[in-house]
Amino acid sequence: MTNREIAELLRSIAAAYIVRGEDRFRVMAYQRAAESVDHATSEVKDLWDDGKLKELAGVGSAIASHLDELFKTGRVKHFDEVKSGLPPAMFALLDIPGIGPKTAFRLCQELQLKEEKTAISQLEKAASGGLIRKIEGFGSESEKRILSGLKALKRGQTKEKRMLLPYAFALAKEVIEYLAECPAVIRADPLGSLRRMVATIGDIDIAASTKNPKDVIRHFINYSKIRRVLSRGEEALARVILQSGRQVDLRLQQPEAYGAMLQYFTGGKSHNIALREYALQKGFSLSEHGIKNLRDTDKKVKKYAAEEDFYRDLGLKWIPPELRENIGEIEAALRSAQGKPGGLPELVNSGDIKGDLHVHSNFPIETSHDEGENSPEEILAKAKDLGYEYLGFAEHNPSVSQHSKYKIIDILKRKQEVIEHLKYSRVNKIFVNPINGLEIDIKADGTLAVPEEGLVLLDYVIASIHSSFNLSREEMTARVLRALDHPKVRIFGHPTGRKISTREGYELDWEKIFAFCKRRNIWLEINAWPDRLDLPDTLVREAVKYGVKMIICTDAHAVSHLPLITYGVAVARRGWAEKEDIINVLGYNKFMEMIRKGGE
DNA sequence: GCCGTTTTCGGCCCGACTGTTTTCAGTCG
């Protein structure tokens, strides 16, 4: 059973409890446990195997024993009892936006929906037949809402369909630029997962500071790229669907309370809850309007124009948005404010990056993978724009099946000459140092897809997996370690092999990989390619704890890709990486020293 | 049902918007 299925099961129990009128805190406990399972870094089944279920936040002895029963027998008696008497159909309806447990239950009752499989189609028939408006408590608006919710579900625009971070950023940028045209807008910023730089984004949340919210809302809903206005408030909020099908929520606040709103709508759900609970203990209640002191008789809300002051009044240091996931950042911010050790990290910045070591040029490397679009000269010019000191050319290795060993060596000799020429001739007037690398396939047996005589021509090797993904965890780990053992290999490329929303990564024993990399001066790549972002932030955090060094690279295949480095930096930051954890913040000479230095 | 730097009992985040209501429940983030 996957984490996703387990989380869904726990949510369905919460929904059942809601319909039964069960204590709302019990409901919240199940929802929280579901959330926790969803965000778990390892498979819950594996945790169960190791007897570590209760290490999951929000999973106590009761839920742990239910899950135990689930893994042992495939069923949970208690869950069956909770759900008994409720129509299975109602759980299918929960996927429809706007329909919660109570609405789902009532619809099933009134429309005689029973089976989970047919619930959606039956509901659709009833809604288009005008039956829903006749139900007491429902009206024509509810019917319309349900129909449009069903349409969204059909188009696959449910919560799971998330967009890649750079795409979301581009959309948000357009909206923010449009908002800036309105004179009443003082400033506008991304909120939520976008501001936290999460790898995938559901809805786009944007904040605007203004003294005239009505004007801004009027301006916003006149945006030409809007397909539909979902809701339109008076002062605080408007929700729309763009023509691209993406939802944008705009939240408005007066400038004097803008910091409070940024704070309120940036953190992940569990960060927000944890911070509000922490504040409650100190006698404060938090909201997007500011901080309310519950001990004051008048309970006036203190406003905050800046987030820093908001955190300071709670006795905390300002927490960078990327860290606001409730994974220890509140405790760290407290220690920072108190001047104690174990405080917040000094996160690496985009400006710290001195070079990109994973770039594909159009040098005719005759690979079976893809070649880059731009010449080495064009790439160096762009690297100069970005303020880099060095740039590593790491094309794919020449195709093994289509070339003899000698042909491969010959190609690599020519590539070496091209790089040397750039280094010492006047062609490179731009003073970005080229480095001669290669991204080499790790074959199924763990050997590199380039002969020894070719490897000696290179300054460094990125070893990556591009085939045979379906080995067992043990086999895959042995394969990778064998490849990393070669003295020319400095970088393990896109280490998990995941492709966001299309492919899970392969399985690796990370403790072994981390230990090996630390001992042998191997750097884990943080690949900034939008659907890779690999290492993922959770593993970056682990690597940091192990003291393993990482290198942030773009895997660019064109000069226009080089600025994507910022998304790799974002992953590093989300993983609490500081400058010292990242290799390519070093200047050229130090970096070359590191590249030559083998392990041990 | 969970959880513990004032707690193993007694708390548990907060507000906006909608629809169908005469004062609020449901949903969402």
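Heavy atoms only: backbone and side chains are in, while hydrogens, waters and symmetry mates are out. By convention in this document, chain letters (A, B, ...) are assigned in the order of the sequence lines, proteins followed by strands, and residues within each chain are numbered from 1.
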Visitor: Can you tell me the distance, in whole Å, between the CD1 atom of A:Ile146 and the C1' atom of B:dT27?
Guide: 13 Å
Visitor: With the side chain of A:Arg276 defined as its heavy atoms from C-beta on, choose the nearest nucleotide among B:dC13, B:dC17, B:dT18.
Guide: B:dC13
Visitor: If the plane angle is over 60° it's perpendicular, under 30° parallel, otherwise tilted; pick one for A:His219 and A:Tyr178.
Guide: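 Rings of A:His219 and A:Tyr178: parallel, as their planes differ by under 30°.
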Visitor: Taking only the P atom of each, what is the distance from B:dG19 to B:dC9 in whole angstrom?
Guide: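 These two P atoms come out 47 Å apart once rounded.
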Visitor: Measure the acute angle between the ring planes of A:His66 and A:His78, then classify it against the limits of 30° and 60° as parallel, tilted or perpendicular.
Guide: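 If you compare the ring of A:His66 with that of A:His78, the planes turn out parallel.
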Visitor: So does A:Lys144 pair up with A:Glu141, basic N to acidic O under 4.0 Å?
Guide: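 A salt bridge is present here (some side-chain N lies under 4.0 Å from a carboxylate O).
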Visitor: If we take the P atom in both B:dT27 and B:dT20, what is their distance in whole Å?
Guide: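 Per the computed distance, 14 Å lies between those P atoms.
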Visitor: For the side chain of A:Arg26, starting at C-beta, report the closest nucleotide among B:dG1, B:dC12, B:dA16.
Guide: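 For A:Arg26, the side-chain atoms sit closest to B:dG1.
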Visitor: For the side chain of A:Asp23, counting heavy atoms from C-beta on, which of B:dC17, B:dT20, B:dG1 is nearest?
Guide: B:dG1
Visitor: Check whether A:Tyr258 forms a cation-pi arrangement with A:Arg187 (NZ or CZ under 6.0 Å from the six-membered ring centre, at most 45° off the ring normal).
Guide: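 Not flagged: A:Arg187 not positioned over aromatic ring of A:Tyr258.
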Visitor: Counting only side-chain N and O atoms of A:Ser142, is one of them less than 4.0 Å from OP1 or OP2 of B:dT20?
Guide: yes
Visitor: With heavy atoms under 4.0 Å as the rule, sort A:Arg32 into base, sugar-phosphate or nothing.
Guide: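 Nothing, no nucleic acid heavy atom in range.
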Visitor: Roughly how many Å is it from CD in A:Gln31 to P in B:dC12, rounded to a whole number?
Guide: 17 Å
Visitor: Taking the C1' atom in each of B:dG15 and B:dT8, what is the distance between them to the nearest angstrom?
Guide: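 That atom pair is separated by 33 Å.
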Visitor: Between A:Glu174 and A:Lys225, is there a side-chain N and carboxylate O pair less than 4.0 Å apart?
Guide: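 Result for this pair is yes, salt bridge flagged.
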Visitor: When all nucleic acid strands are considered with a 4.0 Å heavy-atom cut-off, which category describes A:His271: base, sugar-phosphate, or nothing?
Guide: nothing
Visitor: Distance between the C1' atoms of B:dG29 and B:dC13, in whole angstroms?
Guide: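 Those two atoms are separated by 12 Å.
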Visitor: Tell me which one of A:Arg324, A:Arg312, A:Lys317 satisfies salt bridge (charged side-chain N to carboxylate O under 4.0 Å, His left out) with A:Glu307.
Guide: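 The single option meeting the salt bridge (charged side-chain N to carboxylate O under 4.0 Å, His left out) with A:Glu307 is A:Arg324.
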Visitor: Just verifying a value: how many Å separate A:Lys300 NZ and A:Lys292 NZ, rounded to the nearest 0.5 Å?
Guide: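 The distance works out to 13.5 Å.
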Visitor: If you check the A:Ser285 side chain, which of B:dG29, B:dC14, B:dT27 turns out closest?
Guide: B:dC14
Visitor: Using atom C1' of each nucleotide, how far apart are B:dT6 and B:dG11 to the nearest Å?
Guide: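 About 13 Å, rounded to a whole number of Å.
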Visitor: B:dC13, B:dG1, B:dT18: which one has an atom nearest the side-chain heavy atoms of A:Arg145?
Guide: B:dT18
Visitor: A:Ser231 side chain: which of B:dG15, B:dC17, B:dC12 is closest?
Guide: B:dC17
Visitor: Given the C1' atoms of B:dC17 and B:dT21, what is the spacing between them in whole Å?
Guide: 15 Å
Visitor: Could you tell me the Watson-Crick or G-U partner of B:dC14, where both distances fall under 3.5 Å? Say none if there is no partner.
Guide: B:dG29
Visitor: Can you identify which nucleotide, out of B:dT27, B:dC14, B:dG29, has its nearest atom closest to the A:Pro101 side chain?
Guide: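 Selected nucleotide (nearest to the side chain): B:dT27.
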Visitor: Heavy atoms from C-beta onward define the side chain here; which of B:dG1, B:dC12, B:dT18 lies closest to that of A:Glu277?
Guide: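 It is B:dC12.
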Visitor: Closest to the A:His78 side chain: B:dT27, B:dG1, B:dG15?
Guide: B:dG1
Visitor: Looking for any heavy atom pair under 4.0 Å, which part of the strands does A:Arg24 touch: base, sugar-phosphate only, or nothing?
Guide: nothing
Visitor: Can you check the distance between B:dG1 and B:dT5, where both ends of the measurement are the C1' atom (answer in whole Å)?
Guide: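 Going atom to atom, C1' in each nucleotide, I get 23 Å.
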Visitor: Looking at A:Lys214 and A:Glu235, is there a salt bridge between them, counting it only when a charged N and a carboxylate O are closer than 4.0 Å?
Guide: yes
Visitor: Base, sugar-phosphate, or nothing for A:Leu275, non-hydrogen atoms under 4.0 angstrom?
Guide: nothing
Visitor: Suppose you measure atom C1' in B:dC3 against the same atom in B:dT7; what distance do you get, rounded to whole Å?
Guide: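 To the nearest whole Å, 9 Å.
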Visitor: Tell me which nucleotide among B:dA16, B:dG15, B:dG1 gets nearest to the side chain of A:Ala236.
Guide: B:dA16
Visitor: Pick out the pairs of N or O atoms, protein on one side and nucleotides 9-11 of chain B on the other, that lie under 3.5 Å.
Guide:
none

Visitor: Taking CZ from A:Arg20 and P from B:dG1, how many angstroms apart are they, rounded to a whole number?
Guide: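 Distance check: A:Arg20 CZ to B:dG1 P gives 13 Å.
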Visitor: Think A:Arg20 forms a cation-pi with A:Phe105, using NZ or CZ under 6.0 Å from the six-ring centre and within 45 degrees of its axis?
Guide: no
